[in-house]
Amino acid sequence: RVQLVESGGASVQPGGSLRLSCATSGNTYINYCMAWFRQAPGKEREGIAAIDNEGTTTYADSVKGRFTISQGNAKSTLYLQMNSLKLEDTAMYYCAVEGAYYSGGPPLEVYEYSYWGQGTQVTVSS
């Protein structure tokens, strides 16, 4: 069973930076995708960044150029470096894993992912 635990959420001012981490265990898939999602109050959960076992990445337009997804050397930790944070980045951030390979690149759709963490809160306010 895959387990995920997010950390690193905090309150920051606009323009600031944060790095989120997602510690994973039980991921024995050879082919897999890992992704970050977020959900603001009253809004649907949205995918913002994903990476697969080959290192291919996908980003939502809303975060492209500001956020970077990466894996640790052991590939058991997923990171999200968030720079130039905006008020609209305020949300609960979740990491997710799916044991599959997508030839078109790792997806950002919620329904593609089976395993989820509990989330970490990011608040951007002045």
Side-chain angles (χ1 to χ4, degrees):
R1 176 177 173 80
V2 180
Q3 294 185 309
L4 306 97
V5 179
E6 303 94 336
S7 62
S11 294
V12 295
Q13 293 186 337
S17 297
L18 276 178
R19 188 174 82 155
L20 304 183
S21 300
C22 174
T24 72
S25 60
N27 181 13
T28 60
Y29 295 110
I30 295 175
N31 297 316
Y32 61 84
C33 295
M34 302 176 72
W36 287 97
F37 291 77
R38 67 185 181 186
Q39 187 166 19
K43 295 189 176 182
E44 293 186 354
R45 190 170 298 189
E46 63 168 341
I48 56 173
I51 189 168
D52 65 18
N53 53 283
E54 293 187 344
T56 302
T57 56
T58 306
Y59 291 95
D61 289 343
S62 58
V63 305
K64 200 172 294 183
R66 300 188 299 124
F67 292 8
T68 303
I69 190 171
S70 62
Q71 297 182 87
N73 289 337
K75 297 187 177 181
S76 60
T77 305
L78 182 69
Y79 299 103
L80 184 69
Q81 178 66 42
M82 305 187 295
N83 298 327
S84 302
L85 283 162
K86 304 176 181 180
L87 296 174
E88 53 264 40
D89 293 320
T90 295
M92 185 71 78
Y93 283 70
Y94 301 89
C95 62
V97 170
E98 177 60 29
Y101 173 77
Y102 297 81
S103 60
L108 294 177
E109 289 77 20
V110 171
Y111 64 82
E112 297 284 9
Y113 291 85
S114 299
Y115 302 99
W116 294 83
Q118 294 301 305
T120 186
Q121 178 68 38
V122 173
T123 302
V124 184
S125 68
S126 54

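Bear in mind the structure is a predicted one, so any value in this text is a computation, not a measurement. In this chain, numbering begins with 1 at the start of the sequence shown. What you see below is based on every heavy atom in this structure, not just the backbone, and it leaves out hydrogens, waters and symmetry mates.
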Tell me whether K86 is salt-bridged to D89, with the criterion being a basic N under 4.0 Å from an acidic carboxylate O.
no
Rounded to the nearest 0.5 Å, what separates atom CD in Q71 from atom CG in N53?
8.0 Å
Ring centres of F67 and W36 under 6.0 Å apart?
no
Using the benzene-type ring in the case of Trp, are the ring centres of Y32 and Y101 under 6.0 Å apart?
no
Can you classify the ring geometry of W116 versus Y94 as parallel (below 30°), tilted (30 to 60°) or perpendicular (above 60°)?
perpendicular
If you take all heavy atoms of S21 and T77, which pair is closest and at what distance?
CB-CG2, 4.5 Å
Does M92 belong to the same Ile/Leu/Val/Met/Phe/Trp/Tyr cluster as V110, with side-chain heavy atoms less than 4.5 Å apart forming each link?
yes
For residues Y93 and Q39, is any side-chain donor paired with an opposing acceptor at under 3.5 Å?
no
Starting from the C-alpha separation in whole Å, work towards a yes-or-no answer on side-chain hydrogen bond (donor to acceptor under 3.5 Å, both in side chains) for Q3 and Y115.
CA-CA 7 Å; Q3 294 185 309; Y115 302 99; over 6 Å; no
Short side-chain donor-acceptor distance under 3.5 Å, E98 and S114:
yes
Rounded distance (nearest 0.5 Å) linking atom CZ of R1 with atom OG of S25
9.5 Å
If you take all heavy atoms of A91 and A40, which pair is closest and at what distance?
CB-N, 3.8 Å
Given side-chain contact (heavy atoms from CB on, under 4.5 Å), test R19 with N83 step by step and report yes or no.
CA-CA 9 Å; R19 188 174 82 155; N83 298 327; over 6 Å; no
Measuring from atom CD of E6 to atom SG of C95, what distance do you get when rounded to the nearest 0.5 angstrom?
4.0 Å
Which pair of non-hydrogen atoms, one from A100 and one from C33, has the smallest distance, and what is that distance?
O-SG, 3.5 Å
Check for me, please, whether L78 and L18 land in the same ILVMFWY cluster - side-chain distances under 4.5 Å, paths through other members count.
yes
Contact between C22 and Y79 at the side-chain level, heavy atoms closer than 4.5 Å - yes or no?
no
Tell me if the CD atom of E88 is crowded by more than 12 foreign heavy atoms within 6.0 Å.
yes
Can you name the closest pair of heavy atoms from A96 and F37 and give their distance?
CB-CE1, 4.0 Å
Heavy-atom side-chain proximity of V5 to S7 below 4.5 angstrom:
no
Is it true that a side-chain atom of T120 and a backbone atom of G9 form a donor plus acceptor pair closer than 3.5 Å?
yes
May I ask you to test the S126-Q13 pair for a side-chain heavy-atom distance under 4.5 Å?
no
If Ile, Leu, Val, Met, Phe, Trp and Tyr residues are connected whenever their side-chain heavy atoms lie under 4.5 Å apart, and connections chain through other members, are I51 and Y29 in the same group?
yes
Kindly work out whether a path of hydrophobic side-chain contacts (I/L/V/M/F/W/Y, heavy atoms less than 4.5 Å apart) joins L4 to I48.
yes
Here the gap from S125 atom OG to L87 atom CG, rounded to the nearest 0.5 Å, amounts to 7.5 Å
Got a donor-acceptor contact below 3.5 angstrom from the T58 side chain to the P106 backbone?
yes
One pair to check against side-chain contact (heavy atoms from CB on, under 4.5 Å): T24 and M34. What are the steps and the verdict?
CA-CA 10 Å; T24 72; M34 302 176 72; 3.5 Å; yes
I'd like to know if M82 and Y59 are part of one continuous hydrophobic network [Ile/Leu/Val/Met/Phe/Trp/Tyr, side-chain heavy atoms within less than 4.5 Å].
yes
What closest approach, in Å, do T90 and V124 show between heavy atoms, and which atom pair accounts for it?
OG1-N, 2.8 Å
When you look at CD of Q118, are more than 12 heavy atoms from neighbouring residues, nucleotides or ligands closer to it than 6.0 Å?
no
Looking at every heavy atom in both A49 and L80, which two are closest together, and how far apart are they?
CB-CD1, 4.1 Å
